[in-house]
Amino acid sequence: MSVRPPDPAGPPRPAPSSAPFTARVPGSKSITNRALLLAAAAVGTTRLRAPLVSDDTLAFRTALTGVGVRVDAAPHDAYWDVTGGGGAPAGGGRIWCADAGTAARFLPPFAAAGSGTFVFDGSAQLRARPSRPLTDALTRLGATVRTAPDGSLPLVVDAAGLDGGGLTLDGSLSSQYLSGLLMAAPLFRTPLVVDVAGLVSRPYVDMTLALMRHFGTEAAEGPDGRIEVRPGGYEAADLTVEPDASTASYLFAAAAVTGRTVTVPGLGAGSLQGDLRFVEVLRRAGARVEVTWDATTVTGTGRLRGGFDVDMGDISDTFMTLAAIAPLADAPVTIRGIGHARLKESDRIAVVARNLAACGVVTETGPDRLTVHPGRPEPALIACHRDHRIAMAFSVLGLGAPGVLTLDDPDCVGKTFPGFHAELNRLCPEYEPPAPGALATSGAAAPAPHRQ
Ligand SMILES: O=C(O)C1=C[C@@H](OP(=O)(O)O)[C@@H](O)[C@H](O)C1
Ligand SMILES: C=C(OP(=O)(O)O)C(=O)O
């Protein structure tokens, strides 16, 4: 990736176009992977329109086809037809989760409700992420689960169906354990009642419950917060996947930083995704935001207002988008409630702080917070740590500080948005996408630095 610095000898760079830009944001990873699972468990064939096609969803789809689920893709992946088995998988298999947290947390409960021996593994990055709350919960429900000594991947599930019962679950590290258990629960022999403590990322659980309802199963949530799911299974139900709200955050932030107008159709007040609330944070930073039922538009001023403190615990995938552009604000910005973001593709608080420090920007961190001070970024090599969101967030910072930033691994965006660099270039022609294969991934042979 590269942003051409203005050439002092050349003609002045034209001001950013004020014409509204309609962004092409690919489908939601979280909706695609939930819908794949629910359709795989359902009776009948579900047409999943506009699915996300990226590393995480292809890993999830391959995992399901590997255990006997049929997925027929239309030309150019306009839709996937998923023919469910009307229950949990039988016969066992080896399941490669790659880097996908959703695969590692949603598929073991689904398998445990079936029969056979299932072996789950993933990349070194995924192995480093915690699974213990989920594997402990499955064991308490009667499953036979073997894990690495720290409770994480690789794990082996000897499945023979599951009874439900009462369960207390620690939700403070990730909400994905709860989502995985809830989606599998209609396939259990008896009702499951879950009492969850310290839940982070709550909007993702609401998305889980809404999609379960779409596929025909209603979970009951009591006033005490307990969630009950009765046996019953799922029915096929066609679905159009919304654009991904976390992905849209980079294009909205680019609008805020460069003074452009960006509209994302298909993503509005009717969205299932909590991460759309990121636009409220941009509003606090001075951008104009319009949310209709089915579209969202952000218009930037080219200047960012700081001096605020925001809890992003429910929408932590978007905290890096704010943190990376925060040096361009006129006063410090503090982001709180994001301790669990240390357990994702990278320790995101530490990695953001180190990359901002490399740019000469002052930050302060705590176990679950980050403060970013204003500063003009200096030339730096951004260490992505194979984290797609670090790469995308710092690319947007580069728009506000032309000529100074280099990503060590631009291709890691493929986890959720393979076309990211091309789309940012379509919005901001001054942004030069990296040439394919021009850069090595981190950890491989020394990358040829790519200047922004
Ligand atoms: O359920 C989901 O689809 C997700 C939940 C969130 O994880 P945590 O619950 O671990 O915060 C989010 O970060 C992840 O990208 C997707
Ligand atoms: C945390 C993320 O992914 P996952 O947990 O699904 O691997 C993410 O996409 O930012």
Side-chain angles (χ1 to χ4, degrees), residues 26-38 52 54-60 63 97-107 109 122-134 152-153 169-183 196 198-212 241-242 244-250 272-275 277-278 312-321 323 337-349 351-352 368 384-393 412-418 420:
S28 154
K29 167 196 77 176
S30 295
I31 295 176
T32 301
N33 282 355
R34 280 169 175 75
L36 277 172
L37 180 97
L38 296 167
L52 172 64
S54 76
D55 295 348
D56 267 19
T57 58
L58 292 175
F60 207 98
C97 301
D99 288 336
T102 48
R105 280 76 180 266
F106 297 171
L107 293 169
S123 64
Q125 182 187 76
L126 190 64
R127 280 185 174 198
R129 298 175 63 183
S131 293
R132 171 100 62 203
L134 177 65
S152 61
L153 259 52
L169 185 73
D170 175 8
S172 64
L173 305 184
S174 171
S175 67
Q176 292 176 348
Y177 315 128
L178 177 60
S179 286
L181 288 163
L182 291 173
M183 285 190 283
V196 61
L199 181 63
V200 293
S201 300
R202 168 77 211 202
Y204 286 99
V205 174
D206 294 332
M207 174 193 289
T208 300
L209 296 173
L211 287 172
M212 287 170 63
V241 178
E242 303 169 9
D244 192 295
S246 328
T247 295
S249 75
Y250 309 107
L272 296 175
Q273 300 170 79
D275 277 12
R277 289 189 217 153
F278 177 72
M312 297 183 82
D314 275 352
I315 59 169
S316 74
D317 282 359
T318 62
F319 101 78
M320 290 148 285
T321 321
I338 51 172
H340 55 297
R342 292 186 180 276
L343 304 171
K344 306 219 178 195
E345 287 80 336
S346 65
D347 174 341
R348 288 175 163 173
I349 297 180
V351 168
V352 167
D368 71 347
C384 296
H385 295 262
R386 291 185 61 244
D387 188 334
H388 53 144
R389 300 202 188 283
I390 298 294
M392 294 191 277
C412 67
V413 299
K415 187 172 193 275
T416 49
F417 191 4
F420 169 76

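One is the number of the first residue; the rest follow in order along the sequence. Order of appearance sets the numbers: ligands from 1, and atoms from 1 within every ligand.
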Quiz item: Taking C-beta and beyond as the side chain, do D317 and K344 meet within less than 4.5 Å on heavy atoms?
Solution: yes
Quiz item: For G101, is at least one N or O under 3.5 Å away from an N or O on ligand 2?
Solution: yes
Quiz item: Any idea which protein heavy atom is nearest atom 8 (C) of ligand 2, and the distance to it?
Solution: E345 OE2, 3.2 Å
Practice problem: Measure the shortest side-chain to side-chain distance between T416 and M392 over non-hydrogen atoms and say whether it is less than 4.5 angstrom. | Solution: yes
Practice problem: Specify side chain, backbone, both or neither for D317, according to which of its non-hydrogen atoms lie closer than 4.0 Å to ligand 2. | Solution: side chain
Quiz item: Between R105 and ligand 2, which part of the residue brings a heavy atom under 4.0 Å of the ligand: side chain, backbone, both or neither?
Solution: neither
Exercise. Kindly tell me which protein residues have any non-hydrogen atom under 4.0 angstrom away from an atom of ligand 1, grouped by chain and ordered by number?
Key: K29, S30, R34, T102, F106, S174, S175, Q176, S201, Y204, D317, H340, K344
Quiz item: Short list, please: which atoms of ligand 2 are under 4.0 Å from a heavy atom of R389?
Solution: 8 (C), 9 (O), 10 (O)
Quiz item: For ligand 2, which part of D99 has a heavy atom less than 4.0 Å away: the side chain, the backbone, both, or neither?
Solution: backbone
Quiz item: Can you find a pair of side-chain heavy atoms, one from Y204 and one from S174, that are under 4.5 Å apart?
Solution: no
Quiz item: Under 3.5 Å, N or O to N or O, is K344 touching ligand 2 that way?
Solution: no
Quiz item: Does the pair K415/D56 count as a salt bridge with the N-to-O cut at 4.0 Å?
Solution: yes
Quiz item: Who passes side chain to side chain contact (heavy atoms under 4.5 Å, CB included) against P418, sequence neighbours left out?
Solution: S54
Quiz item: Taking N or O atoms only and a 3.5 Å limit, does Q176 qualify as a polar contact for ligand 2?
Solution: yes
Quiz item: Which atoms of ligand 2 are found less than 4.0 Å from any heavy atom of K415?
Solution: 3 (O), 4 (P), 7 (O)
Exercise. Using a strict cut-off of 4.0 Å, indicate which atoms of ligand 2 neighbour a heavy atom of H388.
Key: 8 (C), 9 (O), 10 (O)
Quiz item: Looking at ligand 2, does R348 have a heavy atom less than 4.0 Å from it?
Solution: yes
Exercise. Find out whether L52 and V241 are in side-chain contact, i.e. whether some heavy atom of one side chain is under 4.5 Å from a heavy atom of the other.
Key: no
Quiz item: Hey, does H385 have a side-chain heavy atom less than 4.5 Å from the side chain of I390?
Solution: no
Self-check item: Flag side-chain contact, heavy atom, 4.5 Å: R277 against P203
Solution: yes
Quiz item: Which protein heavy atom lies closest to atom 5 (O) of ligand 2, and at what distance to 0.1 Å?
Solution: R129 NH2, 2.7 Å
Quiz prompt | Those residues that, when tested against A59, pass side chain to side chain contact (heavy atoms under 4.5 Å, CB included) (two or more places apart) | solution = A98
Exercise. Could you check if a side-chain atom of F60 sits within less than 4.5 angstrom of a side-chain atom of L107, using non-hydrogen atoms only?
Key: yes
Quiz prompt | F417 and D244, any side-chain heavy atoms less than 4.5 Å apart | solution = no
Quiz item: At a 4.0 Å threshold, what atoms of ligand 2 neighbour a non-hydrogen atom of T102?
Solution: 6 (O)
Quiz prompt | Residues in salt bridge (charged side-chain N to carboxylate O under 4.0 Å, His left out) contact with R34, at least two apart in sequence or another chain | solution = none
Quiz item: Any side-chain donor paired with an acceptor under 3.5 Å for D275 and T318?
Solution: no
Quiz item: Any idea which protein heavy atom is nearest atom 9 (O) of ligand 2, and the distance to it?
Solution: K29 NZ, 2.7 Å
